[in-house]
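Here's the structure, in structure tokens; my notes come after.
On a predicted model such as this, the values are computed, not experimentally measured, just so you know.
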Amino acid sequence: MSTEQNLITTPITVDFLHGHLDVEETAHGLLPHRLPAWARRQIPDDLLAVAEAQPSGVRLAFRTSATTILLDTLPTKRVYRGFPPPPDGVYDLLVDGRLTAQATVDGGNLRTITDMRTQTAEFTPGPAGTAHFTDLPAGEKDIEIWLPHTEITEVIALRTDAPVEPAPKTGRRVWLHHGSSISHGSNAVFPSAIWPALAASTGDVELINLGFGGSALVDPFTARAIRDTRADLISLKLGINVVNSDAMRLRAFAPAIHGFLDTIREGHPTTPLLLVSPVLCPTHENTPGPLMPDLSSGTLKFKATGDPAEIAAGRLTLTIVRDVLADLVKQRSADDPNLHYLDGLDLYGESDHDEFPLPDAVHPSPEGHRRIGENFAKLVFADNGPFAITTG
């Protein structure tokens, strides 16, 4: 068995990273970002600033015959004052596409949220740590290490008992997906089991996940980032954050979506583009936002606090949002045959909710993530779906 003293150390370079849009060099290593630097300068709040730096869908990819792999990182972990700390983020190691081992990293920086509503936080620095993977299969193999989807992670170095080299190009199509906390992976227990990762595996595509917890708000800088990113397939799951933040009224929502799509089409005029409406969320189906935390049951849940009587004045609900998005795609697709619509209720609807309820009244359980991923793959990547491989 190899000891840590005689392992080969390989600093992480950008060639090893996949699923990101930018990389920041830090004093420790590389910090992957899911928005480019120019867009980050336009971010108006800490919620999105933290979310885009959490590496949901970001992974290291390399080829090696190593049976021992150590990954040195510096995580930044998030805790809420007054609540028990969540489990450490999980690192998933896949061998030739199959989940083979998992690890966590001790230590790291600590970001303590002192006010859940404003996301005010205190930062405490901490030490780097190591994810250990041992007794891996012998022989040359392709390795992916998926970084924790809700834990900011600076990657430092690989230490292995055989040389490593960046993975060769796969030739697979690149799928860029943008969405809310559900797309980010909220309530999923490990990073390769968030629903976009599950769907990407079934669809045999390379994932770029721009799911941002609480922050799919039709921001122009996000549209420009998507416009400027190479992608073969693009999906946008929009609506619930606009409702639960009470960010827009009906008059502003449809033009904002039109503008978002117009911007993306500047860089991707004929790319298959799928607009997905919100999945079922009884909390907001017919009740406007804002959404607020609810601790009355002793566990964290969420409740909608808007007044349904104000719907007539333009307040948004999920039911209204679905109608707007469906009508918008019907209108635009007459001139844009590569624009498609998917009703989120076909991904997770009433029967799915009966089987796998939302634990906190907003986000799906791990089983719910799997159901959404399976349904997306079946409806979108399979034959006759908008992302199906075409021939001829």
Side-chain angles (χ1 to χ4, degrees), residues 12-25 29-37 39-40 48 50-63 71 73 75 89-99 102 131 142-155 158 164 166-186 188 190-213 215-216 222 225-226 228-237 271 369 373 376-377 381 387:
I12 303 296
T13 63
V14 293
D15 294 335
F16 288 96
L17 286 166
H18 294 250
H20 61 294
L21 295 192
D22 195 16
V23 173
E24 176 186 353
E25 293 189 17
L30 296 181
L31 174 61
H33 285 278
R34 295 186 294 134
L35 282 175
R40 299 199 300 274
L48 178 52
V50 171
E52 74 81 27
Q54 294 172 334
S56 180
V58 179
R59 60 267 182 208
L60 301 176
F62 53 95
R63 178 166 286 179
L71 174 61
T73 72
V90 175
Y91 296 71
D92 285 349
L93 185 142
L94 280 63
V95 175
D96 296 330
R98 298 176 63 88
L99 180 61
Q102 296 176 306
D142 289 322
I143 299 288
E144 289 183 340
I145 300 178
W146 288 64
L147 303 178
H149 55 293
T150 58
E151 203 168 85
I152 295 173
T153 305
E154 298 174 57
V155 288
L158 287 164
V164 301
K169 301 290 185 183
T170 65
R172 292 193 289 262
R173 297 177 298 168
V174 175
W175 169 38
L176 187 154
H177 174 72
H178 170 53
S180 65
S181 56
I182 298 175
S183 298
H184 190 142
S186 291
F190 50 93
S192 65
I194 64 174
W195 81 257
L198 296 170
S201 177
T202 302
D204 194 29
V205 294
E206 294 285 340
L207 173 66
I208 298 174
N209 184 26
L210 303 187
F212 302 132
S215 301
T222 301
I226 296 171
D228 297 341
T229 301
R230 189 188 76 79
D232 302 297
L233 312 162
I234 299 171
S235 56
L236 312 169
K237 192 171 178 300
T271 301
H369 271 276
F376 190 95
F381 286 111
F387 291 173

Discussion item. Would His184 and Ile194 count as a side chain to side chain contact (heavy atoms under 4.5 Å, CB included) here? Give the steps.
Written reply: CA-CA 7 Å; His184 190 142; Ile194 64 174; over 6 Å; no
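- In this structure the side chain of Phe387 never reaches within 4.5 angstrom of the side chain of Val205, judged on heavy atoms.
- Residues Thr153 and Val58 form no side-chain contact, since every pair of their non-hydrogen atoms from C-beta on lies 4.5 Å or further apart.
- Residue Leu176 holds its CG atom at 10.5 Å from CG of Asp232, rounded to the nearest 0.5 Å.
- The backbone N or O of Ser181 sits nowhere less than 3.5 Å from a side-chain atom of Ser183 that would complete a donor-acceptor pair.
- A tilted orientation is assigned to the rings of Phe376 and Trp195, their planes being inclined by 30° to 60°.
- Using a 4.0 Å cut-off between charged nitrogen and carboxylate oxygen, Asp228 and Arg230 do not count as a salt-bridge pair.
- A donor-acceptor pair under 3.5 Å is formed between the side chain of Asp96 and the backbone N or O of Asp142.
- Here the side chains of Leu30 and Glu25 are in contact, with some heavy-atom distance below 4.5 Å.
- None of Gln102, Arg59, His149 except one satisfies the side chain to side chain donor-acceptor pair (under 3.5 Å) rule with Asp92; the exception is Gln102.
- Taken to the nearest 0.5 Å, the OG1 atom of Thr229 stands 6.0 Å off from the CD1 atom of Ile208.
- Between the side chains of Thr222 and His178, no donor N or O sits under 3.5 Å from an acceptor N or O.
- Every side chain to side chain donor-acceptor pair (under 3.5 Å) that Thr271 has, sequence neighbours left out, goes to His268.
- Taken to the nearest 0.5 Å, the CZ atom of Arg173 stands 8.5 Å off from the CG atom of Asp204.
- Separating the OH atom in Tyr91 from the CG atom in Leu147 is a distance of 6.5 Å, to the nearest 0.5 Å.
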Item to complete: Determine, step by step, whether Leu99 and Phe190 satisfy the side chain to side chain contact (heavy atoms under 4.5 Å, CB included) criterion, reporting the C-alpha distance in whole Å, the side-chain angles of both residues, the deciding distance to 0.1 Å, and the verdict.
Response: CA-CA 11 Å; Leu99 180 61; Phe190 50 93; 3.9 Å; yes
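- Counting heavy atoms from C-beta on, the side chains of Thr150 and Ser56 never come closer than 4.5 Å.
- Panel note: side chain Glu151, backbone Pro75; no donor-acceptor pair is recorded below 3.5 Å.
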What side-chain donor-acceptor pairs closer than 3.5 Å can you find for residues 15-24, not counting sequence neighbours?
| unit_1 | atom_1 | unit_2 | atom_2 | d |
| --- | --- | --- | --- | --- |
| Asp22 | OD2 | Ala37 | N | 3.2 |
| Asp22 | OD2 | Arg40 | NH1 | 2.9 |
| Glu24 | OE1 | His33 | NE2 | 2.7 |

Practice prompt. Take Phe62 and Leu158, measure what side chain to side chain contact (heavy atoms under 4.5 Å, CB included) needs, and give me the verdict at the end.
Written response: CA-CA 10 Å; Phe62 53 95; Leu158 287 164; 3.9 Å; yes
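- Remark: Leu60 CG to Ile143 CD1 distance equals 11.0 Å, nearest 0.5 Å.
- Across His369 and Ala193, no two heavy atoms sit closer than the pair CB-O, 3.8 Å.
- At least one donor-acceptor pair under 3.5 Å links the side chain of Arg34 to the backbone N or O of Gly211.
- The CG atom of Asn209 lies 9.0 Å from the OG atom of Ser235; values are rounded to the nearest 0.5 Å.
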Practice prompt. Test Leu93 against Leu71 for side chain to side chain contact (heavy atoms under 4.5 Å, CB included), laying out the working first.
Written response: CA-CA 11 Å; Leu93 185 142; Leu71 174 61; over 6 Å; no
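- Considering every non-hydrogen atom in both Ala197 and Ser192, the closest pair reads CB-O, 3.6 Å.
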